[in-house]
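The block underneath contains the structure these notes are about, expressed in structure tokens.
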Protein chains: 2
Amino acid sequence: MQYPEPIAKLIDSYMKLPGIGGKTATRLAFYTIDMDGDDVTEFAKSLVAAKRDLHFCSICGNITEDDPCVICKDKSRDQGTVLVVEEAKDVMAMEKIKEYRGLYHVLHGVLSPVDGKGPEDINIASLLKRLQQNDAIKEVIIATNATPEGEATAMYISRLVKPAGIKVTRLAHGLSVGSDIQYADEMTLFKAVEGRQEM
Amino acid sequence: MQYPEPIAKLIDSYMKLPGIGGKTATRLAFYTIDMDGDDVTEFAKSLVAAKRDLHFCSICGNITEDDPCVICKDKSRDQGTVLVVEEAKDVMAMEKIKEYRGLYHVLHGVLSPVDGKGPEDINIASLLKRLQQNDAIKEVIIATNATPEGEATAMYISRLVKPAGIKVTRLAHGLSVGSDIQYADEMTLFKAVEGRQEM
């Protein structure tokens with residue numbers, strides 16, 4: 001016996017989401033049937049709306065409803081600094097700390113030769129164009145993740161940007177706040193020693 | 001800075017699903033934006049369709065598009081046996097082994113005084129009515145889960161059904177196939193010894 005078609009289709013749809021396999025998809029599908037009807041309708045609407053109404057900002061590549069995005073439009077922000085991140089989610093994470101008041105540039109990926117991802121596959125060209133057209137930018141802060149691909153991408157961008165006389169910095173790597181030295185991995189400890197600061 | 005409204009709404013919707021917290025919901029929402037447009041539309045449609053087109057079978061309580069469900073309608077199945085399960089998912093699990101050819105009854109829950117769930121909150125009355133109206137049913141197999149609530153529900157149903165002269169059986173409990181005795185929990189080992197069979 002097969003699942004009734006509507007539920008089989010819903011299971012298939014849930015399985016297209018990352019990290020959701022057959023068992024979880026089945027659980028979610030059955031849960032959906034027991035959900036409040038309005039919640040399900042709302043869910044369906046927000047799926048379609050998110051896909052339809054959200055675009056990438058033509059300047060920084062961040063996810064936005066309007067183009068340019070609220071950050072690029074906000075002239076009260078420091079126009080001299082651009083923080084380069086891998087994903088739009090990273091912009092939100094940075095904004096949460098309310099410390100950084102400059103602009104952003106979202107790469108939408110990292111250089112990864114293994115996955116066939118070269119410089120033309122991520123938002124690097126638009127970053128360079130932005131730097132060329134805008135003399136106000138004095139510093140590029142590279143905030144790619146602390147993975148081999150993130151490091152390689154940081155290095156690549158740094159080599160392209162530095163000759164133009166723009167300061168290039170990278171977020172500090174070291175021990176997370178609240179972490180134990182004994183549980184830190186070797187690379188993190190190495191970076192923490194390397195980046196030690198005078199007290 | 002807040003997330004753009006369409007994505008904030010989508011995150012809220014994802015968070016209504018069981019086992020999905022804020023971080024996973026955010027990841028899924030951003031993933032949705034990168035998904036193929038047709039897949040998203042399909043997803044939204046299947047959500048609405050599953051909620052709209054699926055009902056509970058008026059006889060057995062299984063999830064179905066048509067009423068009665070394909071199992072209740074199938075006269076080639078053994079009309080003398082009813083297997084009682086907690087959830088519609090359990091019917092699918094039983095059907096997969098292709099061994100059981102009788103009918104089902106879905107309780108939609110178990111007796112759980114802690115959660116305020118009494119006999120009137122689950123599908124027990126309809127089971128009794130079904131047994132009264134249908135002389136063909138000779139055996140009721142209780143396949144509630146091996147949890148305290150499942151056991152209590154099994155006991156409760158057994159006491160109601162037995163006086164009517166209907167055979168009541170319970171699925172065997174013991175070691176899972178392929179499991180190690182050393183890793184089995186005490187209750188399972190106890191059940192395995194208690195239910196030992198002659199070779």
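Just so it is clear: chains get the letters A, B, ... in the order the sequence lines come, proteins before strands, and each one is counted from 1.
Listed options B:Ile20, B:Ile11, B:Asp39 were ranked by heavy-atom pairs under 4.5 angstrom with chain A; first place goes to B:Asp39. Of all the listed residues (A:Val40, A:Thr26, A:Asp12), the one sharing the greatest number of non-hydrogen pairs under 4.5 Å with chain B is A:Val40. For chain A, the option among B:Arg27, B:Glu5, B:Lys9, B:Lys89 with the highest count of heavy-atom pairs below 4.5 Å is B:Lys89.
Residue B:Ile97 qualifies as enclosed at atom CD1: its count of foreign heavy atoms under 6.0 Å is above 12.
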(request) Evaluate the criterion side-chain contact (heavy atoms from CB on, under 4.5 Å) for residue pair B:His173 and B:Thr188; output intermediate values, then yes/no. (result) CA-CA 7 Å; B:His173 290 139; B:Thr188 301; over 6 Å; no

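Interface with chain B: from residues 42-57 of chain A, residues A:Glu42, A:Phe43, A:Ala44, A:Ser46, A:Leu47, A:Val48, A:Ala49, A:Ala50, A:Lys51, A:Asp53, A:Leu54, A:Phe56 qualify, criterion being any non-hydrogen pair under 4.5 Å.
Checking each of A:Ile157, A:Leu111, A:Leu127 against A:Ile122 for a side-chain contact (heavy atoms from CB on, under 4.5 Å) leaves exactly one that passes, namely A:Leu111.
Side-chain atoms of A:Ser158 and A:Arg170 include no donor-acceptor pair closer than 3.5 Å. Of the N and O atoms on the side chains of A:Asp38 and A:Thr41, not one donor lies less than 3.5 Å from an acceptor on the other residue.
When all heavy atoms of A:Arg101 and A:Ser76 are compared, the closest pair comes out as NH2-OG, 3.5 Å.
Residue pairs satisfying the ring pair (Phe, Tyr, Trp, His ring centres under 6.0 Å) criterion with at least one member in residues 86-106 of chain A, sequence neighbours excluded, are listed as follows: A:Tyr100-A:Tyr104. Pairs engaging residues 180-199 of chain A under the ring pair (Phe, Tyr, Trp, His ring centres under 6.0 Å) rule: none recorded [sequence neighbours left out].
Residues satisfying the side-chain hydrogen bond (donor to acceptor under 3.5 Å, both in side chains) test with A:Thr169, not counting sequence neighbours, are A:Glu139.
Using a 4.5 Å cut-off between heavy atoms, A:Glu87 makes no contact with chain B at all. Residue A:Asp34 touches chain B through both its backbone and its side chain, counting heavy-atom pairs closer than 4.5 Å. With a threshold of 4.5 angstrom between heavy atoms, B:Thr32 approaches chain A through its backbone and through its side chain.
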